[in-house]
Number of protein chains: 2
Amino acid sequence: MEPAPQPRSVQSRSVATQQDILEAATAEFAANGYAGARVDEIAARTRTTKRMIYYHYGSKEALYLAVLERAYAGVRMMESGVEVGSLTPAEGLRQLAEATYEHHTTHPDFMRLVSIENIHCAQHLKRSPTIVVENAKAITTLEAVLRRGVAAGVFRPDVDAIDVHMMISAFACFHVANRYTFEAIFGRDMLDPGLQHAHRRLIGDMVVATLLDLRGANLGHSPAW
Amino acid sequence: MEPAPQPRSVQSRSVATQQDILEAATAEFAANGYAGARVDEIAARTRTTKRMIYYHYGSKEALYLAVLERAYAGVRMMESGVEVGSLTPAEGLRQLAEATYEHHTTHPDFMRLVSIENIHCAQHLKRSPTIVVENAKAITTLEAVLRRGVAAGVFRPDVDAIDVHMMISAFACFHVANRYTFEAIFGRDMLDPGLQHAHRRLIGDMVVATLLDLRGANLGHSPAW
DNA sequence: GTCTATATATCGATAGAC
DNA sequence: GTCTATCGATATATAGAC
């Protein structure tokens with residue numbers, strides 16, 4: 001049964017409260033992990049109270065899942081924003097890689113949530129069919145670009161779209177996910193704004209160079225394809 | 001003042017107990033994160049009791065730091081085991097990349113501890129000068145290989161050793177750190193034994209291809225160097 | 001929908017006998 | 001060094017007035 005309709009002002013107040021809670025929860029979970037996050041602390045970051053968090057979301061775990069779905073929705077939007085059809089395969093691949101790099105490095109909370117989710121073996125993510133189905137679509141775009149590149153004779157044919165997505169994500173994720181241990185050991189902050197342009201170009205170079213058909217060059221071994 | 005000497009059997013029993021605790025703690029912290037790990041659960045995984053954990057290590061945090069130092073020591077050993085001097089620059093670079101890939105994918109607990117440490121902004125790692133100093137030495141080896149490659153005219157000169165280490169680590173770490181979310185979304189287990197050889201070759205190809213001086217090839221943009 | 005107060009459970013850490 | 005029992009703090013979740 002549907003809930004009784006409410007005056008618009010009350011409805012939008014409720015929606016605003018839920019948004020407020022989601023943003024505070026995103027910050028708290030990203031900062032402290034699932035077990036480390038405190039519902040009291042989330043409530044303190046909002047304009048409302050702990051009682052309302054349980055009223056709207058029911059439990060700490062359900063709130064965490066809502067946070068996760070919102071974060072993954074941002075990645076979907078970024079990916080669907082890349083226009084790839086009008087570019088050469090190499091240019092299109094570069095655009096996709098650089099856009100992913102740009103998104104992940106400017107949304108550190110998303111990346112930290114992914115790390116946290118992996119600590120828990122993606123048990124919450126698996127329960128959200130929306131996240132899985134929508135985000136898997138990234139592969140379709142990549143496949144079209146790779147197919148064109150292979151047909152044109154410029155790309156090697158033995159690396160598939162999931163592998164390429166893996167390489168791109170690995171580079172982009174590492175910057176955020178391992179920022180602190182990397183800086184502690186090597187003294188370099190990978191998210192330093194002064195490095196941004198060089199690293200954005202580097203991920204583009206890396207992906208395109210790896211896909212290029214380099215049978216003429218010396219790769220330090222005999223090519224497999 | 002030194003502790004009074006003890007009969008060897010008691011000493012080695014004590015050492016064995018501490019090792020036992022360290023291994024159980026590694027598994028528990030890697031599986032559940034710092035806040036999620038339970039000292040009671042660690043005790044249950046050992047042949048001894050919770051009281052002995054506090055007797056030997058003093059606190060949950062100090063135990064975690066000991067676990068972290070032990071894990072990083074394993075990486076040091078792997079890196080120092082690669083003989084690079086007798087190989088060509090491309091071959092040496094490939095060996096270093098593949099050895100790192102091999103280590104990280106066969107030591108998932110290490111990688112999960114690194115993820116956990118990053119969630120906490122490397123605050124424990126920073127307090128261990130041993131880890132920082134010893135693990136930073138990986139850069140020296142890489143620098144020598146790169147210098148030889150640039151001098152021979154086969155490597156581009158504008159990518160430094162820390163960047164290369166970053167690319168290698170990113171690929172290797174991603175396999176373990178994002179294994180579960182990646183499988184949940186794309187249906188591919190990156191640590192599937194059937195993919196091991198192909199991925200090991202891919203990280204080698206990726207690093208060497210990126211470093212190669214490809215001014216003649218079309219990378220989808222004009223080269224910066 | 002919103003507040004204060006509190007139930008219930010759990011966990012890190014310790015006491016004290018042996 | 002090793003055991004059982006337990007303290008004290010803190011966290012999730014809820015009760016009940018308004």
Side-chain angles (χ1 to χ4, degrees), chain A residues 2-22 24-29 31-67 116 119-120 123-124, chain B residues 2-29 31-68 116 119-120 123-124:
Chain A
E2 296 280 288
Q6 294 174 337
R8 175 175 299 269
S9 63
V10 174
Q11 248 186 39
S12 58
R13 254 182 76 91
S14 176
V15 171
T17 298
Q18 293 177 50
Q19 281 295 328
D20 187 22
I21 292 172
L22 264 190
T26 298
E28 172 70 7
F29 281 120
N32 300 102
Y34 179 76
R38 301 289 165 241
V39 179
D40 282 313
E41 184 58 30
I42 294 172
R45 292 193 199 209
T46 66
R47 273 173 260 104
T48 183
T49 61
K50 183 162 73 160
R51 184 67 188 85
M52 290 314 294
I53 293 177
Y54 283 96
Y55 177 83
H56 282 299
Y57 293 97
S59 71
K60 179 182 181 177
E61 197 180 355
L63 174 60
Y64 173 76
L65 189 57
V67 163
I116 291 160
I119 293 296
H120 300 100
Q123 59 178 118
H124 309 96
Chain B
E2 296 279 291
Q6 295 173 335
R8 175 172 301 266
S9 63
V10 173
Q11 249 186 38
S12 58
R13 254 181 76 90
S14 176
V15 170
T17 298
Q18 293 177 50
Q19 281 293 327
D20 187 21
I21 292 171
L22 263 190
E23 277 166 34
T26 298
E28 173 69 6
F29 281 120
N32 300 101
Y34 179 76
R38 301 290 163 242
V39 179
D40 281 312
E41 184 59 29
I42 294 172
R45 292 193 198 209
T46 66
R47 271 171 262 105
T48 183
T49 62
K50 186 162 72 159
R51 185 67 188 85
M52 290 314 295
I53 293 176
Y54 284 94
Y55 178 83
H56 283 299
Y57 292 98
S59 72
K60 181 181 182 178
E61 197 180 354
L63 174 60
Y64 173 76
L65 189 57
V67 163
L68 206 60
I116 291 160
I119 293 296
H120 299 100
Q123 59 178 118
H124 309 97

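We use all heavy atoms of the structure for the numbers below, so side chains are in, but hydrogens, waters and symmetry mates are not. By convention in this document, chain letters (A, B, ...) are assigned in the order of the sequence lines, proteins followed by strands, and residues within each chain are numbered from 1.
Across all non-hydrogen atoms, the minimal contact from B:His120 to B:Tyr34 is CE1-CB, 3.7 Å.
Judged by closest nucleotide on DNA chain D, B:Thr17 is the one of A:Asp40 and B:Thr17 placed further toward the 5' end.
What separates CG of A:Asn32 from P of D:dA11 is a distance of 11 Å, to the nearest Å. Residue A:Tyr55 contributes atom OH, which lies 14 Å from atom P of C:dC3 at whole-angstrom precision. Between A:Glu28 atom CD and D:dA11 atom P the separation is 10 Å, expressed in whole Å.
A 4.5 Å side-chain heavy-atom check between A:Ile119 and B:Asn32 finds every atom pair outside the cut-off. Within the 4.5 Å cutoff, the side chain of B:Leu63 has heavy atoms near those of the B:Ile42 side chain.
Judged by distance alone, the side chain of B:Glu28 and the main-chain N or O of B:Arg38 form a donor-acceptor pair under 3.5 Å. The backbone N or O of B:Gln18 sits less than 3.5 Å from a side-chain atom of B:Tyr57, completing a donor-acceptor pair.
Contact check, A:Arg38 against D:dT10: no side-chain N or O comes under 4.0 Å of OP1 or OP2.
Residue contacts shown for B:Ala35 are absent, as no nucleic acid heavy atom lies under 4.0 Å away.
A heavy-atom distance below 4.0 Å to DNA chain C is reached by these residues of residues 41-54 of chain B, ordered by number: B:Lys50, B:Arg51, B:Tyr54.
At least one test fails for A:Lys60 against the ring of A:Phe29: distance under 6.0 Å to the centre or angle within 45° of the axis.
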